[in-house]
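See structure below.
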Amino acid sequence: MAAAVYNPFENAQEQFDKVAALLELDSGIRELLRQPMQEIHFTIPVKMDDGSTKVFKAYRIRHNDARGPAKGGIRFHPHETADTVRALSMWMTWKCAVVDIPLGGGKGGVVCDPHNLSETEQERLCRGYVRQLFAQLGPNRDVAAPDVMTNAQHMLWMLDEYETITGGRYPGMITGKPVGMGGSLGRTEATGYGVIYVLKNLLSEMNMPVESTTASIQGFGNVAEHAASLYSQLGGTVIAVSCWNQADAKAYTFRKKTGCDIEQLAGIKDAFGSIDKDKALALGYEVFPGEEWLKQDVDIIIPAALENQITPMACPVISPSVKIICEAANGPTTPDCDELIRKQGIVLLPDFLCNAGGVTCSYFEQVQCGMNYFWDKEEVFEKLENSMTKAFSAVYELSVEKNIGMRDAAYIIAINRVADAVKLRGWA
Ligand code: GLU
């Protein structure tokens, strides 16, 4: 059987259509919410260090801003497409709504591989992105943040370009900035920690003490590393971590049956999350092909890399020991898997609930920038855990009450909130 080609935007629409029908949503609202409200496709010319000019394709897509300014990251990825950004912008709308923060959904992307760009080329790319787009951005309009292969330094270059052009200081224009430059303490950890706060709540509902559980994780970027780190701190055992290896252009799974030392692995990874294979071998890790992470006999699997990783072809290889899929990435499971997973008796924590900790902390960052007064880390984590727990409880209770999966329950809550905002504004 040929592997199906999955389009993340079609996946996002399929998930939305299913719940819109269930809610008997008005046809106008349905049409409005099943596609982005605004798309900007543009090119960025960048002077390279060798004097040549390279032109990069870029996007900023706003799905919906009925509940507040559009919010969402900017990804740097060689395989970025308009449809990926469309899907991600849509998921941002639901993500902000499910945790009930007053923001809409947007997303940006640049087709590039930052591994192949020097620091000065990356800076010029970030500044070029804002130069093309500055009139569309701003704290009350559209607020970007880090995502796959972008970080705090990229955000600060973008902010600096925006402030240079507009001639003011607008720290709320972008989030995920460096601490001390308008960034919030805890923002780096927030997405990964949020994943584990939600997981902790689910484990307690399932009467599974964290310390008795094991997990296998796909990815070792910012989200995966901090999720793995907090999970280990709480006593869970990470058996395997799978990640991309830039040097070999292949993914590998690193396994230690007694438990991976996350700090140690973090010490041998590059800035984009590739673990050094030779160093891992020297530290006693077993090294397998990338897809092995899915086959481990663990309680929890955490896809924390990219979309479309768990497909109907992949479902049968998931070990029968797995009880929970914790979607730390955006869109890691294709819609045709949800039913299969349910039949396998696995509970799924849906992406836009599970990984909403990042944007929740981005919201805290904007609030702190607005006051020009910054909270300490404990206060940030306490507020973050409260928000994630509240969102989880609402989703979990609805899923139990209606006997539906948590993905559908989260969609019902999020879509209702956005549809209400659309109606209150008189758009439909
Ligand atoms: N890129 C992150 C996400 O997908 C964070 C977005 C934000 O903070 O605006 O949720």
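Reckoned from all heavy atoms, side chains included, excluding hydrogens, waters and symmetry mates. We count residues from 1, following the sequence as given. When a ligand or atom number is given, it counts from 1 through the structure's own listing order.
Every protein residue with a heavy atom nearer than 4.0 Å to ligand 1 is included here: Lys71, Gly72, Gly73, Met92, Lys95, Lys107, Ala145, Pro146, Asp147, Arg187, Asn330, Gly358, Val359, Ser362.
The pair Asp351-Arg407 meets the salt-bridge criterion, with a side-chain N (NZ, NE, NH1 or NH2) lying under 4.0 Å from an Asp/Glu carboxylate O. The pair Glu339-Lys18 does not meet the salt-bridge criterion, since no charged nitrogen lies less than 4.0 angstrom from a carboxylate oxygen. Between Asp160 and Arg127 there is a salt bridge, since a side-chain N of the basic residue sits under 4.0 Å from a carboxylate O of the acidic one.
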Identify every side-chain donor-acceptor pair in residues 217-224 under 3.5 Å, counting partners at least two apart or on other chains, and give the distances.
from: Gln218; atom 1: NE2; to: Gln309; atom 2: OE1; distance (Å): 2.8
from: Asn222; atom 1: OD1; to: His226; atom 2: ND1; distance (Å): 3.0
from: Asn222; atom 1: ND2; to: Thr188; atom 2: O; distance (Å): 3.1

Name every donor-acceptor pair, under 3.5 Å, that has one atom in a side chain of residues 393-401 and the other anywhere in the protein, sequence neighbours excluded.
from: Ser393; atom 1: OG; to: Thr389; atom 2: O; distance (Å): 2.9
from: Ser399; atom 1: OG; to: Tyr396; atom 2: O; distance (Å): 2.9

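Residues satisfying the salt bridge (charged side-chain N to carboxylate O under 4.0 Å, His left out) test with Asp276, not counting sequence neighbours, are none.
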